[in-house]
Engineer: 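I'd like to ask you about the structure that follows.
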Amino acid sequence: MRNFKTFIQDFGWPRIIIFFFLVALFIMAPFVGVRLDASFSDVLNRFGQNAIMVLAMVPMIQSGCGLNFGLALGLVAGLLGATLSLQLELHGMLGFLGAIVLATPFSIIFGWFYAKLLNKVKGEEMTIAMYVGFSFIMFMCIMWLILPYNNPTMVWGYAGKGLRTTISVENYWLKILNNFLAIKIGQFFVFPTGLLLFVALFAFLMWLFLRSKTGTAMTAVGSNPDFARASGVDVDKMRTISVIISTFLGAVGIIVYEQSFGFIQLYTAPSPMVFPAVAAILIGGASINKASMVNVLVGTILFQGLLTMTPSVINSLLQTDMSEVIRIIVSNGMILYALTRKIKVSK
Amino acid sequence: MANGSSLLSIEHVSKDFYGNVVLHDVSFDLHEGEILGLVGENGAGKTTLMHILFGMPVIMETGGFQGSIKIGGTEVHFSSPFDALDAGLGMVHQEFSLIPGFTTTENIVLNRESMRASILNDVFGDRMSVLQRDRMRERAQKAIGKLGVDLNPDMLVSEMPVGHKQFTEIAREIDREQTRILILDEPTAVLTESEAEMLLQTLKRLASEGIAIIFISHRLQEVLAIANRIVVLRDGHAVKDTPNENISMRDIASWMVGRSLGESGQRSEARGFAESLFKVRHLWVDMPGETVRDVSFDVHRGEIFGIGGLAGQGKLGIPNGIMGLFPAGGEVVLDGKTVPLNDPAKALAMGMAFVSEDRRGVGLLLDESLEWNIAFTAIQVHGQYLKKIFGLFSQRDEKAMEDLCAEYVKLLDIKCTSTKQKAKELSGGNQQKVCLAKAFAIKPQLMFVSEPTRGIDVGAKKLVLDTLHHYNRDFGTTIVMVSSELEELRSICDRIAIVDEGRIAGILPPTADISEFGLLMSGAAMEEAVNA
Amino acid sequence: MNGTANAKGAPNTKTRRLLIRGALLVVYVLIMVLMIYSGRRHTILIDNKDAADGSYSAINGMEVSIDKQESSEYYPGDRDKAMVQGQKHTIKVNIFDDNKTIEKSFTVPLWSDVMIISVPKVVAGIEPWIAPFTMAEQIQEAQESAPPAGETTFQSLGSMIPEGMEEAQQSP
Amino acid sequence: MSARKKLSTFFSRYAVVIIFVIITLIAIPPSGLSIKYILQEIITRLGRNSFLVLALLLPIYAGMGLNFGMTLGAMAGQVGLIFAVNYGISNWQGLVFALLVGLPISVLLGYVCGLVMNRAKGREMVTGYILAFFINGIYQFFVMYMLGSVIPMGNKSIVLSRGYGIRNTLNLESVRQSLDNIVMLRVGGFSIPLVTFIVIALLCVFVVWFKKTKLGQDMRAVGQDMAVAEAAGIPVEKTRIVAIIISTVLACAGQIIFLQNMGNLATYNAHDQTGFFAVAAILVGGASVTHASIANVFLGVTLLHAMFVVSPLAGQKLFGSAMIGEYFRQFIGYGVIAISLVLYAWRTRKAAAEARLSLRGAQNGPGKGNGKPAVGNGGQA
């Protein structure tokens, strides 16, 4: 009983409420004419689409840099990789992997500078990360207009230069992961094997990394930087590594998202993708200085489940679209909850 | 000097924290215009007494106290420091309590500003009153005038020399019209000699105007210079309450640290050491509150070297500086090799280990398991407890970590439910053992142990000291132990250095007379002690 | 309190404050009511049509102005509107045929949005010449716009879309 | 301090201002806009935005940083305007009515915001930012679902065709520029909305006066050192809440002034950028997270908007794309905030390091130091 109580306390009421809300939605779904199998399929798909971006939160949380509101930098690196891959006319799996490879140097460079900055402003990381992300996106907006891309599927037809706001990847690597070994059951249920395997691979690599010497040091830096320093760990270096990894995962995450979604979205599209990733990991039970693979898994499923189920179920139920409002309140409420939660560091 | 009836009477005050007696039947009086010097070692109960006097919430939260406090003959019960202020007590703390961007005036009248009601008072409350800056300035000048010092009422605190800040604090208490009793806790600690001299003059002046003063200081010469009466606290007892007549510094020092002879337990047998292992020359360390200015000493191989001294004098800065946790400079040589400063990794790699005094802040990963805590440094410094998988990734070897942890749990008798338990769930004593285990785990040549018994109960204290003793004897590990508890140092160390004002005041054998230690700590008669 | 001019907590201060705060509350409500009365806007339809039962007929040509607003010309069958603020107004009719000027004042009920004035009735002196106009849908302004698009709201709340910026900025 | 060091401090302190002046001056010729046009635009925008920016001052004094939570006040103001339009209250009376409706709402929201920020001391800015998003959700719920269904809306023309919820864009024709137009001075070809400026001037007088009150003094004390203020008996948390409430109420009034000038209301996202613009403006004016003055406000609004006026056209001329100018000004807006925050955080850390350094030397370190090291980073504890 006591264990149960502390479990609830650690897990936090908001998450439990969200969990039961989601369960209730699934139970109600058949009664309002929403197909469960289609819903499950949808949730799985969206989970795969978003999980790597949520995973990108882990290293920075673990190393004590807080929630990565600057994930946009990684997303932009991914967009650069994706557009370059299209520019080079890489198709199929080659195109997809090419995009990741091309995005890697960008994500390392961006991440390195971003980490330099964050190490200078310890304690104020989150607000600054947010604005660095915004201004970088705006800077890239200008770049998208003037970079010399010329693949006709990507540039504005009438001007002949400047990238389109949305670029279809249909002829390149649309659903390359989703369709890999996909299992179709019935008319509505598709199990996106490739996508989930890919996510699992990254989660496993992250798991391995967190158990390595560097990963251990990083966790200690986040848990108690003074302890880590006293044990001979270079705190700034660990933080830098974590930021670079996070940025890289952001880049991979957006490419995975695009292959499933079907479009590369440029210009200001990356900014609204950051908050859901932050909210998801918090819903999964992470705090602003501790996160695990379980948090990523649970959080992404809960949050994406909510995003999938509320429009269909609530709308059929109330005949009105409340899902947006619920989405806003839940995701921001969750971040707010994490920020204002008294951290139980018994110093 | 003591004229009139007593203004403040402390009668039979006792206080314990969960059975740990801190004050035992302390009584003394304070008269109008009297300066009372209150001296005692760290942990003698001075702070607790002041907390009781000021009605600090911490006293009520821990079960209140016995005995009574009377002001002007009537018993008082303070439920908060503000009650004490209203009753006429003023306190000048060691740490400055000033707003940096405010002027002298603004700080002196802080939260007691002169105001004129504005029309909005009736709507939004009293805080809409407008400040009367000229009145505030007048009051500040009056208070400064009483002190007899030259303070610019319009100067920002952030631009002031330290001495002026101290005077501003005192002026703030003086400005309170009802203040009749002024308590100063180590007021000269941060002052230069001339500033300290000026402060003492000021205090005398205030006393002559009828204000009673309790002067707490470890600088015995200052106490002797201005106190009318001296009360010595030791281990919670008021061991001496005597007028300041025909007393020498040596007397006070021995009252302060002295224990009856039979009480001081076992002493280390005298051992001879030939070889020097560790050399420190002209070390300075920039550790806030524990600044080390110029320290040189040698440690022999196989020895337990003690460093003692009062809090804030810099003894803690020595190991923290050597281990690279705070900016430091000077020359440090271990076994013939120069130790690079400001680089914890190198210091650790050279075979030194450090058990920090800040157990929860620096010593432990509170949210991680014991295995992590004990093995972490070894993993990072020596790359131990790792295994390769697929011949590629090196991974934590959880099994080896568990074995290591289990070994130390057994060896040090750490009380825990499992090696997976989180460090924060252990008691203080067991946490300390974990910290020791962490240091032992890297098999150091030289080990620094800082305040190993701070904040743990008596039984655990003994265990920790025994552990150190055995480790030294069994493995020949050289240990440098820093502690505020002199008895502790005397019980296991081979030699003891006393640090005062960031310098080594002298090095004594544990068998030296207790008053010698007292004198060294009080920053007096350095040459006298060195000869001993 | 050192130097505080007022006696804090004294009973008369307390009562005075209570009274003043209460009075302010009343003033708050009063201003609100006053704003509603003086600021409420009404649409006045000015009608120049024959009566269905022939009891009066449209004026051949005239100039009508409400309060001090610019006057406009009306011919039979015309209907136009004027916006007025507040409840008490005057209507001034200048008939071209005989150059006769009629001036009358009228009151609009506070909560009625649209009133219709039949000028022929005014001229003919048939009471009531002013009546509430109920076919509200007729005067609905073309403010039609699509319901808020659900998909974009999360994005827009991120206040990151540049479009949002332009909206908020709206350089004239 | 040597002359060189003085100069470098000057540049580092006013770096943002200097960069802005230079960028704007460079962009004026290619934009092809006349100086007169730019000046008139700046006058209009000063009247429109200054009040909102002034709302940021008090939380800065109280040490709570830039109040991104001011958006809450903006939402309250919008609710007020919706009701004013619904009841058909026009002209300046409509504005007063909107303010009276918005007032209690903004006080309540400000109180909530203060409570939340007291729970997140040291993280006020990011918390305020997220809180604004969260309350935005509730605002959307209220305006989209409550208005017209639970709370009857008499004016059907502002309600969505489905019968409840307010339309996307609200025409504020009935109150459009009603404050500006009470007295519109025309001097040398410029139109100056006199009453608006008088209202802004009154607010400035209030701010100056407020700083002289006991509450203002307490706020400064709390802003500089919460622990000392608490020890001196100042109710720290209450003072912080009051600062936020006043800021929220001012933001409510400011948003009403802003919207009356704009003439229409984007019901669901007019407030999105309120905080961003106000914060960018005050930072451009040379303020920092801890220091701000009335002069910073006006300088900032002038500079920021001069650039906003000039940049799209300059972008069009220089790069052949108006979008570049548009993105550029947003890049600059966000960049300014980022740079100011970075400079501030960096300077604070440097000052702390210098303070530590000064401890060494002749005198003893203060305090019965408990040896708690200030090394490493506090992380996001």
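Reminder, nothing fancy here: chain letters follow the sequence lines and each chain counts from 1. Computed over heavy atoms, backbone and side chain alike; hydrogens, waters and symmetry mates excluded.
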Engineer: Could you tell me the separation between the CG atom of Asp226(A) and the CG atom of Leu325(B), rounded to the nearest 0.5 Å?
Structural biologist: 8.0 Å

Engineer: For chain A, which candidate among Ala347(B), Pro344(B), Ala349(B) shows the most heavy-atom pairs at distances under 4.5 Å?
Structural biologist: Pro344(B)

Engineer: How close do Val362(B) and Ala230(A) get, counting heavy atoms only, and between which atoms?
Structural biologist: CG1-CB, 3.7 Å

Engineer: If you count heavy-atom pairs under 4.5 Å with chain A, which of Arg359(B), Lys438(B), Lys346(B), Met323(B) comes out on top?
Structural biologist: Lys438(B)

Engineer: Could you report the tightest heavy-atom contact between Gly232(A) and Ala345(B), atom names first, then the distance?
Structural biologist: O-CB, 3.3 Å

Engineer: Of the non-hydrogen atoms in Leu208(A) and Gln395(B), which two are nearest, and what is the gap between them?
Structural biologist: O-NE2, 2.7 Å

Engineer: Is Lys116(A) atom NZ crowded by more than 12 heavy atoms from other residues, nucleotides or ligands, each under 6.0 Å away?
Structural biologist: no

Engineer: Pick from Thr214(A), Thr216(A), Asp234(A): which one makes a side chain to side chain contact (heavy atoms under 4.5 Å, CB included) with Gln380(B)?
Structural biologist: Thr216(A)

Engineer: Can any side-chain N or O of Arg211(A) pair as donor or acceptor with the backbone N or O of Glu398(B) at less than 3.5 Å?
Structural biologist: no

Engineer: What's the shortest heavy-atom distance between Ala228(A) and Phe376(B), and which atoms?
Structural biologist: CA-CE2, 4.4 Å

Engineer: Counting only non-hydrogen atoms closer than 4.5 Å, does Asp343(B) touch chain A with its backbone (N, CA, C, O), its side chain (CB onward), both, or neither?
Structural biologist: neither

Engineer: Report the option among Leu365(B), Thr377(B), Leu348(B), Val381(B) that has the most heavy-atom pairs separated by less than 4.5 Å from atoms of chain A.
Structural biologist: Leu365(B)

Engineer: If you take all heavy atoms of Ile379(B) and Lys213(A), which pair is closest and at what distance?
Structural biologist: O-CE, 3.5 Å

Engineer: Do Glu368(B) and Asn224(A) make a side-chain contact, defined as non-hydrogen atoms from C-beta onward lying under 4.5 Å apart?
Structural biologist: no

Engineer: With only heavy atoms counted, which part of Leu364(B) is less than 4.5 Å from chain A, the side chain, the backbone, both or neither?
Structural biologist: backbone

Engineer: Side chains of Phe227(A) and Arg360(B), heavy atoms from C-beta outward: is any pair under 4.5 Å?
Structural biologist: no

Engineer: Under 4.5 Å between any side-chain heavy atoms of Trp372(B) and Thr219(A), yes or no?
Structural biologist: yes

